[in-house]
There are 4 protein chains.
Amino acid sequence: MTPELTEQPGRRGRPRDPGADRRILDAARQLLATDGYEALAVDRVAEHAGVAKTTLYRRWPSKAHLVIELVADLQGQVRLEETGDLRNDLTALVRGITVRLHAVGAALVADLAAAVARDSSVALGIRELFKAWRGAAITILWAARDRGDLPRASNAEILVDQLVGPLYYRLLITGDPLTPEYATRLVDSVLGTHEPTS
Amino acid sequence: MTPELTEQPGRRGRPRDPGADRRILDAARQLLATDGYEALAVDRVAEHAGVAKTTLYRRWPSKAHLVIELVADLQGQVRLEETGDLRNDLTALVRGITVRLHAVGAALVADLAAAVARDSSVALGIRELFKAWRGAAITILWAARDRGDLPRASNAEILVDQLVGPLYYRLLITGDPLTPEYATRLVDSVLGTHEPTS
Amino acid sequence: MTPELTEQPGRRGRPRDPGADRRILDAARQLLATDGYEALAVDRVAEHAGVAKTTLYRRWPSKAHLVIELVADLQGQVRLEETGDLRNDLTALVRGITVRLHAVGAALVADLAAAVARDSSVALGIRELFKAWRGAAITILWAARDRGDLPRASNAEILVDQLVGPLYYRLLITGDPLTPEYATRLVDSVLGTHEPTS
Amino acid sequence: MTPELTEQPGRRGRPRDPGADRRILDAARQLLATDGYEALAVDRVAEHAGVAKTTLYRRWPSKAHLVIELVADLQGQVRLEETGDLRNDLTALVRGITVRLHAVGAALVADLAAAVARDSSVALGIRELFKAWRGAAITILWAARDRGDLPRASNAEILVDQLVGPLYYRLLITGDPLTPEYATRLVDSVLGTHEPTS
DNA sequence: CACTAATCGAGACGGTACGTCCGGTCTTGCC
DNA sequence: GGCAAGACCGGACGTACCGTCTCGATTAGTG
């Protein structure tokens, strides 16, 4: 996840300042929190980080790339505790996403999506992150299907889209609030509200 | 939906050039089609439309407002023929949205979402458009529920989100293609693949 | 000599701020005096002039163009009083150039020459200025030749080069000082020290 | 004239790569010839020479110093064959300078002059070179004066300036071409076109 | 043979200016 | 009043170049 190269042992030349990455990200994070994406000026990030602009651009080829990684960091690892109870696991997952999306905010997500759409090279980082999440969710669903908690025919990919997609839809398009209850209702709708027999 | 004022009859001074609105929108549309979203600079639109920038800004208070209307035009009216067959009607609806979203393109949608998130006044126009669609879909679902084609307990709002949300999710986030097949599978997933009723 | 267009009467659009030209040149002049050419930052000039950088670049396409005009202004018009006495007239002329060159300074002249050599479009302004001077000098010499104060065969162009060239040579290359005495000796050498025949 | 230290015998540590000097100068010369003065960035020179930038800077303290030496090399030694015929000797000398100046080019000369004006330490090298030439020319003139080919009162310094100065003036300021004919006419003007009595 | 000292390649770094781009406002004179 | 033309402000962007620095790897002479 480090910007560019994974710092092989047999590196030549002056090594990169290991603190610079962190200082830049910190500065960007802070400015992002206060000013938002639009107002996030690269010059200011560099200055704030005590770093030359060139140093920043050596690591991230554009403002968008930087922010992408920043958000990826913010989102953190996929922490996915499977309890074996499908409904609980899914609800936990979707609620987690809900909380994080809400924290990041509509403007930032939208701006990032725009950056991604404009420059496909930006997409790489962010897509990787999303894929990790999707993968986790799909794993949950497959396990459930194998246990018989889900119909044989169900398509895990689609189900995940229908769990996660609405969150982005609300956040970016309709503007409706993202609440934990909404997350619950999404899961309910996918699994069926009626108690799973019991 | 006309830009600003509805051209009251008792107006003083030179009347607005009635063709300007159209020419501007046409120019924007064309630039979008030929040169992509990047080319959609206000100066270029005005020049292309043979119109002064002031004329444009007199009608739309910002680039975002213009683009919103542009998209609204592109999307066109909600044409919703109910055949009474729930699956067919929903599939037609979702496919329609799929096609239109694909046509508009990810970059534009994302930038619009960003504009909406930043300026609530922009939101009004676009939300109105989306609400019309949602309303149509919800009407279909309610009718189906009344007919008994859908369980009593089902929540139409959520269902719609789960039909439409994934489209935006794919378009903006994952970058997966928006195909008619995908639309079909979404509907199938919501209604259950297995024959309904029977 | 005004930057671009000579402000025709039937101009459309907002007229250029007439004060801006002057304010920019003033700011540039002052910064040039204190910091030298190298340190003359366009941003600072604009800021100092209370003008957006775009306003500056609308008038002069590059820093070099601006400074060229600035120097041209500094040099001012060719004031050439002919007394009819060749030696006096030439001495006055060469001394005038000496003083001005000394005032402008080697660094600036050299930087300007470099700018001219790099971008031929820069050359236009400065060459015009120099041509005016050369023309004046040549006129003096022709008149003298017609009066018989100068041999029939003498080549005015070459003579001028030999009067002015050494000034630049000293200033830029050898670094020897430019004194009024030197100017006098140049003229003497060209006309012959020994009394002008009589 | 070798860059820095004269490679004392009792040196410790790894000796300098003897080829590096030459390779660097070659690379610079070539870049200058092929891509023009603009291409003469230190990074490019080093890369082109297959040399680290540090290696270059260990030899020359700045780009200007390097270029100075480059030019000195280009100019080569002052080869001054005195035939005893003043007009011939001077013409040969001035033509030689003309050719070399033309080869070096206005941009380079101007930038060098600028560097000299800014940093007096740069001046040392270049001035030395020029002094050698001046000295040679002055020697010619003195000899001629002693032979009686030149008036007793004539000032050799001034005469040299009037022979060489115009070349720089044309090259840097007026932009007029430097031709052999021009060189001849300069000498003619200084010595008098009409045969020197006799 | 170890030790020390200098050079070399590679490349990161600070600093700083440049010229460009775009959104949105303002100012003319003409209709 | 609308309109065309176009100047203006403000501000960010990404690029370029210079000269310095920090590594690890060589390559001598020295003890």
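In what follows, every chain begins at residue 1, and chains take the letters A, B, ... in the order their sequences are listed.
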Value in whole Å for how far the [atom2] atom of [N] lies from [atom1] of [X]:
{"X": "C/Leu56", "N": "F/dC8", "atom1": "CG", "atom2": "P", "value": "11 Å"}
{"X": "B/Asp119", "N": "E/dG23", "atom1": "CG", "atom2": "P", "value": "15 Å"}
{"X": "C/Ile24", "N": "F/dC9", "atom1": "CD1", "atom2": "P", "value": "8 Å"}
{"X": "D/Tyr37", "N": "F/dA16", "atom1": "OH", "atom2": "C1'", "value": "15 Å"}
{"X": "C/Arg58", "N": "F/dA5", "atom1": "CZ", "atom2": "P", "value": "17 Å"}
{"X": "D/Asp17", "N": "F/dT27", "atom1": "CG", "atom2": "P", "value": "11 Å"}
{"X": "A/Tyr57", "N": "F/dG14", "atom1": "OH", "atom2": "P", "value": "4 Å"}
{"X": "D/Asp35", "N": "F/dC17", "atom1": "CG", "atom2": "P", "value": "12 Å"}

(message) Tell me whether the side-chain N/O atoms of D/Arg44 come closer than 4.0 Å to OP1 or OP2 in F/dA16.
(response)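 No, outside the criterion.
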(message) With a cut-off of less than 4.0 Å, is there a side-chain N or O of B/Arg59 near OP1 or OP2 of F/dC3?
(response)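 It does, given that an N or O in the side chain of B/Arg59 lies less than 4.0 Å from OP1 or OP2 of F/dC3.
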(message) Between C/Leu40 and B/Lys63, which residue's closest nucleotide on DNA chain E lies nearer the 5′ terminus?
(response)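 Nearest-nucleotide comparison on DNA chain E picks C/Leu40.
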(request) Go through F/dA28, E/dC18, F/dA12 for me and flag the one nearest to the C/Asp43 side chain. (result)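 Of all the options, the side chain of C/Asp43 is nearest to E/dC18.
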(request) Could you check which of E/dG19, F/dT27, F/dC3 has an atom nearest any side-chain atom of B/Arg16? (result)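 In terms of side-chain proximity for B/Arg16, the closest of E/dG19, F/dT27, F/dC3 is F/dC3.
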Charged N-O contact under 4.0 Å between [X] and [Y]:
{"X": "A/Asp21", "Y": "A/Arg16", "answer": "no"}
{"X": "C/Asp26", "Y": "C/Arg29", "answer": "yes"}
{"X": "D/Arg44", "Y": "D/Asp35", "answer": "no"}

(message) Tell me whether the side-chain N or O atoms of D/Arg14 pair up with the base of F/dT27 as donor and acceptor below 3.5 Å, since no angle test is needed here.
(response)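 Side chain to base: no pair below 3.5 Å.
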(message) In the structure I gave you, are the side-chain heavy atoms of B/Asp119 and B/His65 within less than 4.5 Å of one another anywhere?
(response)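 Touching, per the 4.5 Å side-chain cut-off.
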(request) Could you summarise the pairing of DNA chain F as dot-bracket text, marking Watson-Crick and G-U pairs under 3.5 Å with ( ) or [ ] inside the strand and | across strands? (result) |||||||||||||||||||||||||||||||
(request) Residues of residues 45-55 of chain B with any non-hydrogen atom less than 4.0 angstrom from an atom of DNA chain E: list those, numerically ordered, please. (result)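 DNA chain E contact set from residues 45-55 of chain B: B/Lys53, B/Thr54.
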(message) Rounded to the nearest 0.5 Å, what separates atom NZ in B/Lys63 from atom CG in B/Leu56?
(response)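 Result: 11.5 Å between the selected atoms.
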